[in-house]
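Below: one structure, written as C-alpha cells.
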Protein chains: 2
Amino acid sequence: MEREELGALFGRIVRRLIAAEGPVLDEHGLSMWGYTVLSDLAHRPAGTQLALAKAIGYDKSRLIPLLDQLERDGLIVREPDPADRRAHTVRLTEAGQALQAAAQADIRAMENDFLSNFSPADQRALFRMLSNLAHED
Amino acid sequence: MEREELGALFGRIVRRLIAAEGPVLDEHGLSMWGYTVLSDLAHRPAGTQLALAKAIGYDKSRLIPLLDQLERDGLIVREPDPADRRAHTVRLTEAGQALQAAAQADIRAMENDFLSNFSPADQRALFRMLSNLAHED
DNA sequence: TATTGTTATACTCTATAACTATA
DNA sequence: TATAGTTATAGAGTATAACAATA
C-alpha cells in the first residue's frame, strides 16, 4: 500500500485542528494569533516585540495591530526596554494570564479528545516526533 | 515537562514542509494547489470538478482559474459528462501523468530527508497516526 | 550603518453571492 | 426548486518597503 504524502496529511490535520480550535477560542474572544501571542508570553520570559514575532513565526509589522488590540483589551502591556530605548518589552497582565490559562485548559481538553484514538504510549511517541519535526532547523 | 500544543507544533511543521516543497514544485513549474490537483487526479478515478474540489478541500470557484491554467499547460483536460450535461469530468493527460510522477518522486525524496531522524518503525507509526487524524470523520 | 517599532501599500488568498445552463 | 460550472467582488491574510528614533 502506497503511503500518503506528508503535505496532504498535515494539511488535512491542520484544517481539522483549526476548525476544532475556532469555537473554543471564540468563547474566550481570542483570535488564533492572539492566543498564540498570549501562549508564547505565558511560557517564556518577557522579551521585545521583535523577539516575540520571531518566536511565533509572525511578521513584526503584522504584530503591531494585534498587540494594539490585546493591549486595548487589557491582556498585555508594552513597556519601554531600559536597556534599549528603541525596544518595547511585552508581558501579560494578570487578566491576560487568567485568560490564557482558561483558554489553554479548554484547548487541552479539545486536544485530548482529538487524540483519544491513541494509547498513552502512542500519544507520547507522536508528541516526541512532532516536536522533533517542529524544532529541527 | 509540559507538553507543547498541537496547534503550535503542527503549524511549525506545516511551515517547514511548505518551505521545503516550494523549490521542488518550482522546478516543475507547479503551484502547491496545482500539484494537489494533479496528485488527486492520479490517485482516484476521474470525477467532476465539484468532486475534485471537495476531495482536495478547495473551493469550487477558486478551482476554475487553477484548472484553466493546468489545461492551458496541457496537463489536464475537461470533458463533458455524458450522464449530466451540466457537469465536466477532469482527467490527466499523458503529459500531466508524467509531470505528476516526476514531481511526486522529488517530493518523496524530500519527505524521506524530512523524516530521516526516525527509524523505519517510527516512520510507520507516524504515518499510521497522521492518517488516522487526517481521515477521521 | 544597522536595528526597533511603526505605517503604508500592494499582493495573494479566501469566502460569498449571483448568473447560465441544465436537472 | 436545486445543482454544476462560472464570474465578479469584497474581505482577510500576507509580504515588502520606507520612515523616525535610537544604537
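These numbers were taken from a predicted model, which means no experiment stands behind them. Numbered from 1 within each chain, the chains take letters A, B, ... in sequence-line order. Keep in mind that the numbers below use all heavy atoms, side chains included, and drop hydrogens, waters and symmetry copies.
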Exercise. Check for a donor-acceptor pair, side chain of Thr89(A) on one end and backbone N or O of Glu79(A) on the other, with a separation under 3.5 Å.
Key: yes
Quiz item: Could you give the CG-to-P distance, from Leu67(A) to dT4(C), as a whole number of Å?
Solution: 15 Å
Quiz item: Cationic tip of Arg124(A) within the cone over Phe127(A)'s six-membered ring, i.e. under 6.0 Å and within 45° of the normal?
Solution: no
Exercise. Would you kindly compare Pro65(A) and Ala87(A) by the position of their nearest DNA chain C nucleotide and give the one closer to the 5′ end?
Key: Ala87(A)
Quiz item: Within this structure, what is the CZ-to-P distance between Arg78(A) and dT4(C), rounded to whole angstrom?
Solution: 16 Å
Self-check item: For atom CG of Leu63(B) and atom C1' of dA4(D), their distance in whole Å
Solution: 12 Å
Quiz item: How does each nucleotide of nucleotides 10-23 of chain C score, in 5' to 3' order, for protein heavy atoms under 4.0 Å: base (B), sugar-phosphate only (S), or none (-)?
Solution: ----BSB----BBS
Quiz item: How is Leu50(A) classified with respect to the nucleic acid when contacts are heavy atoms under 4.0 Å: base, sugar-phosphate, or nothing?
Solution: sugar-phosphate
Self-check item: Euclidean distance, atom CD1 of residue Ile64(A) to atom C1' of dG5(C) [Å, nearest integer]
Solution: 5 Å
Quiz item: Between atom CZ in Arg15(B) and atom P in dG13(D), what is the gap in whole Å?
Solution: 15 Å
Self-check item: side chain to side chain donor-acceptor pair (under 3.5 Å) partner of Gln49(B), chosen from Lys60(B), Arg78(B), Lys54(B)
Solution: Arg78(B)
Exercise. Please state how far atom CG in Asp81(A) lies from atom P in dA21(D), giving the value in whole angstrom units.
Key: 19 Å
Quiz item: Looking just at side-chain N and O atoms, do His43(A) and Gln104(A) make a donor-acceptor pair shorter than 3.5 Å?
Solution: yes
Quiz item: Less than 4.0 Å between a side-chain N and a carboxylate O, is that true for Arg3(A) and Glu111(B)?
Solution: yes
Quiz item: Are a donor atom and an acceptor atom from the side chains of His88(A) and Asp81(A) found within less than 3.5 Å of each other?
Solution: no
Exercise. Quickly work out the Glu71(B) CD to dG5(D) P distance and round it to whole Å.
Key: 13 Å
